[in-house]
Amino acid sequence: MASETPRLDPREITSSQVPVFRLIAQVKSQPSENKLVLASPTEGGEMVTLTDVRVSMSKNFEVGSWQELVCRSSDNGDVGFLVLDAVACPFKTGEDISVEGVVALQNLCKRFPEIY
């Protein structure tokens with residue numbers, strides 16, 4: 001299944017041909033029940049803001065939380081995408097996520113798609 005739902009760098013979303021993909025991102029805001037604003041890491045430590053993100057499930061996301069999202073690309077050429085499922089990436093007190101680590105994981109998964 002991991003090879004069928006690849007992890008994408010946020011800059012690859014608009015040019016990717018895969019219908020379903022995974023993305024690691026931080027929730028920046030949830031303007032409405034079915035919309036999210038995300039920030040996802042890319043090379044160079046840059047965080048790419050994704051604003052046109054729709055959510056298929058009724059779930060309140062904690063602002064600032066990191067999530068691994070299973071997403072479906074837009075069928076009608078829109079820039080946005082639809083979140084099908086989300087798994088929180090919880091951290092213990094004092095722990096934080098390494099942006100470079102997320103980017104390295106994305107790159108490693110491209111080379112070895114069997115890695116989950």
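- The ring pair (Phe, Tyr, Trp, His ring centres under 6.0 Å) contacts involving residues 28-55 comprise nothing, where partners must be two or more places apart or lie in separate chains.
- The salt bridge (Lys or Arg N to Asp or Glu O under 4.0 Å) test applied to Lys59 returns no partner, not counting sequence neighbours.
- Nearest heavy-atom pair, Gly64 versus Gln26, reported as atom, atom and distance to 0.1 Å: O-NE2, 3.0 Å.
- Between Asp52 and Lys35 there is a side-chain heavy-atom pair separated by less than 4.5 Å.
- Gln30 is linked by a side chain to side chain donor-acceptor pair (under 3.5 Å) to nothing, counting only residues two or more places apart in sequence or in another chain.
- Side chain of Ser73 to backbone of Pro19: a donor-acceptor contact under 3.5 angstrom is found.
- The CZ atom of Phe81 sits 13.5 Å away from the CZ atom of Arg72 when rounded to the nearest 0.5 Å.
- The side-chain contact (heavy atoms from CB on, under 4.5 Å) test applied to Ala39 returns Lys28, Met47, not counting sequence neighbours.
- In this structure, Phe61 has no ring-ring contact (aromatic ring centres under 6.0 Å, His included) partners at least two apart in sequence or on a different chain.
- For Val48, the side-chain contact (heavy atoms from CB on, under 4.5 Å) partners two or more places apart in sequence, or in a different chain, are Pro10, Arg11, Thr42, Glu46, Leu50.
- Every side chain to side chain donor-acceptor pair (under 3.5 Å) that Ser32 has, sequence neighbours left out, goes to Asn34.
- A side chain to side chain contact (heavy atoms under 4.5 Å, CB included) with Gln67 holds for exactly one of Val27, Ile24, Val83; it is Val27.
- Residues Leu69 and Leu38 are in side-chain contact: their nearest non-hydrogen atoms beyond the backbone lie under 4.5 Å apart.
- Val18 pairs by the side-chain contact (heavy atoms from CB on, under 4.5 Å) definition with Pro6, Leu8, Ser16, Phe21, not counting sequence neighbours.
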